[in-house]
Student: 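Below you will find the structure I want to go over with you.
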Amino acid sequence: QLQLTESGGGSVQAGGSLRLSCTPSGDTFSKSNACVAWFRQAPGKEREGIATIRADGTGLYIADSVKGRFTISPENAENTVYLQMNSLKSEDTAIYYCAADYRGICGTVRFPFEYWGQGTQVTVSL
């Protein structure tokens, strides 16, 4: 059974940076070429899909809300997908989730991903 583990969350001041990691157990992203995504959910708000990518670099999607500030990238040697978050704002405060899907779709967040991590908290203070 695939399990996804997120790490790298924490507290940071506005304008700062964090890098989140998504690592699977039970899979190698570069072999399966799964679609890996990052979502976030802020208190009282709906879950928002913010980025997708495959291990081979295809299927790239970045939400307008984070474009120019966040970057998603696969690091196949580490079997990890990173979300680099720069110029953080207070409105980026949320729980960030990694998700993966193996059915071939990527480049969009408008479908139900198969596997989810437990999430990691990101808090941005003014």
Student: Under a single-linkage definition using a 4.5 Å side-chain heavy-atom cutoff for Ile, Leu, Val, Met, Phe, Trp and Tyr, are Phe113 and Phe29 assigned to the same hydrophobic cluster?
Tutor: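 Unlinked, Phe113 and Phe29 end up in two clusters.
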
Student: Stepwise, does the side-chain hydrogen bond (donor to acceptor under 3.5 Å, both in side chains) test hold for Ser21 with Thr80?
Tutor: CA-CA 6 Å; Ser21 303; Thr80 296; 5.8 Å; no

Student: Is there a continuous path of hydrophobic side-chain contacts, each under 4.5 Å between heavy atoms, that joins Ile105 to Leu4?
Tutor: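 No, it is not one cluster - the side chains of Ile105 and Leu4 are not joined through contacts under 4.5 Å.
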
Student: Could you walk me through whether Arg103 and Glu114 pass the side-chain contact (heavy atoms from CB on, under 4.5 Å) test, one step at a time?
Tutor: CA-CA 9 Å; Arg103 292 170 291 182; Glu114 295 175 290; 3.6 Å; yes

Student: How would you list all residue pairs meeting disulfide bond (SG atoms under 2.5 Å apart) that involve residues 91-126, not counting sequence neighbours?
Tutor: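 Residue pairs passing disulfide bond (SG atoms under 2.5 Å apart), neighbours aside: Cys22-Cys98, Cys35-Cys106.
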
Student: Within 45° of the axis and under 6.0 Å from the centre of the six-membered ring of Trp116, does NZ or CZ of Arg47 qualify?
Tutor: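 Yes, cation above the ring, under 6.0 Å and within 45°.
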
Student: Looking only at heavy atoms, what is the nearest atom pair of Val36 and Ile72, with distance?
Tutor: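 That closest heavy-atom pairing would be O-CD1, 3.9 Å.
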
Student: When you measure from the side chain of Glu75 to the backbone N and O of Asn79, does any donor-acceptor pair fall under 3.5 Å?
Tutor: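 Side chain of Glu75 to backbone of Asn79: no pair is present.
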
Student: Run the side-chain contact (heavy atoms from CB on, under 4.5 Å) test on Asn86 and Phe70 for me, step by step, so that the C-alpha distance in whole Å, both residues' side-chain angles and the decisive distance to 0.1 Å come before the verdict.
Tutor: CA-CA 6 Å; Asn86 298 327; Phe70 290 13; over 6 Å; no

Student: How close do Gln121 and Ile95 get, heavy atom to heavy atom, and via which atoms?
Tutor: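 Closest pair (atom of Gln121, atom of Ile95, distance): OE1-CG1, 3.3 Å.
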
Student: Is there a donor-acceptor contact under 3.5 Å from the side chain of Arg54 to the main chain of Gly104?
Tutor: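 Yes, because the side chain of Arg54 sits within donor-acceptor range (under 3.5 Å) of the backbone of Gly104.
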
Student: Less than 3.5 Å apart, any donor N or O on the side chain of Asp27 or Tyr115 sitting next to an acceptor on the other?
Tutor: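 Short answer, no.
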
Student: Report the distance from atom OG1 of Thr120 to atom CG of Leu18, rounding to the nearest 0.5 Å.
Tutor: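 Answer rounded to 0.5 Å: 9.0 Å.
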
Student: Would you confirm whether Thr52, through its side chain, and Gly59, through its main-chain N or O, come within 3.5 Å as a donor-acceptor pair?
Tutor: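 Yes, Thr52 side chain to Gly59 backbone: donor-acceptor pair under 3.5 Å.
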
Student: Is it the case that Asn76 and Glu78 place a side-chain donor and acceptor less than 3.5 Å from each other?
Tutor: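 Side chains of Asn76 and Glu78: no pair found under 3.5 Å.
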
Student: Are Leu60 and Val109 grouped together when hydrophobic residues (ILVMFWY) are joined by side-chain heavy atoms under 4.5 angstrom apart?
Tutor: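 Result: no, two separate clusters.
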
Student: Determine yes or no for a side-chain-to-main-chain donor-acceptor pair under 3.5 angstrom, with Thr108 supplying the side chain and Arg110 the backbone.
Tutor: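 Yes, Thr108 side chain to Arg110 backbone: donor-acceptor pair under 3.5 Å.
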
Student: For Glu6 and Gln118, indicate whether the former's side chain and the latter's backbone hold a donor-acceptor pair under 3.5 Å.
Tutor: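 Looks like yes, one N/O pair under 3.5 Å.
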
Student: Met85 and side chain to side chain contact (heavy atoms under 4.5 Å, CB included): which single residue from Val66, Leu20, Val12 fits?
Tutor: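 Only one option passes, and that is Leu20.
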
Student: Is there a side-chain contact between Tyr102 and Leu2, using heavy atoms and a 4.5 Å cut-off?
Tutor: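 Yes, their side chains come closer than 4.5 Å.
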
Student: Compare all side-chain heavy atoms of Ser65 with those of Glu48 and state whether any distance is below 4.5 angstrom.
Tutor: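 Ser65 vs Glu48: side chains touch.
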
Student: May I ask you to check if Arg19 and Tyr82 form a cation-pi contact, with NZ or CZ under 6.0 angstrom from the six-membered ring centre and within 45° of the axis?
Tutor: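 Arg19 over Tyr82 ring: yes.
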
Student: Looking at every heavy atom in both Val124 and Thr93, which two are closest together, and how far apart are they?
Tutor: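 Looking at all heavy atoms of both residues, the shortest contact is N-OG1, 2.9 Å.
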
Student: Would you indicate whether the side-chain heavy atoms of Ile53 and Tyr61 approach each other to under 4.5 Å?
Tutor: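 Answer no - side chains too far apart.
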
Student: Do you know the tightest heavy-atom contact between Ser17 and Ser87?
Tutor: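 Closest approach of Ser17 to Ser87, heavy atoms only: OG-N, 4.3 Å.
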
Student: So which atom in Arg40 and which in Ala94 form the shortest heavy-atom distance, rounded to 0.1 Å?
Tutor: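 The pair with the smallest heavy-atom distance is CB-CB, 3.9 Å.
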
Student: Answer yes if Tyr97 and Phe111 sit in the same cluster of Ile, Leu, Val, Met, Phe, Trp and Tyr residues linked by side chain heavy atoms under 4.5 Å apart, and no otherwise.
Tutor: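 Hydrophobic grouping puts Tyr97 with Phe111.
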
Student: When hydrophobic residues are tied together by side-chain contacts of less than 4.5 Å, even through go-betweens, does Ile50 share a cluster with Phe39?
Tutor: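 No: no chain of side-chain contacts under 4.5 Å links Ile50 to Phe39.
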
Student: So does Asp92 pair up with Lys89, basic N to acidic O under 4.0 Å?
Tutor: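 No, Asp92 and Lys89 are not salt-bridged.
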
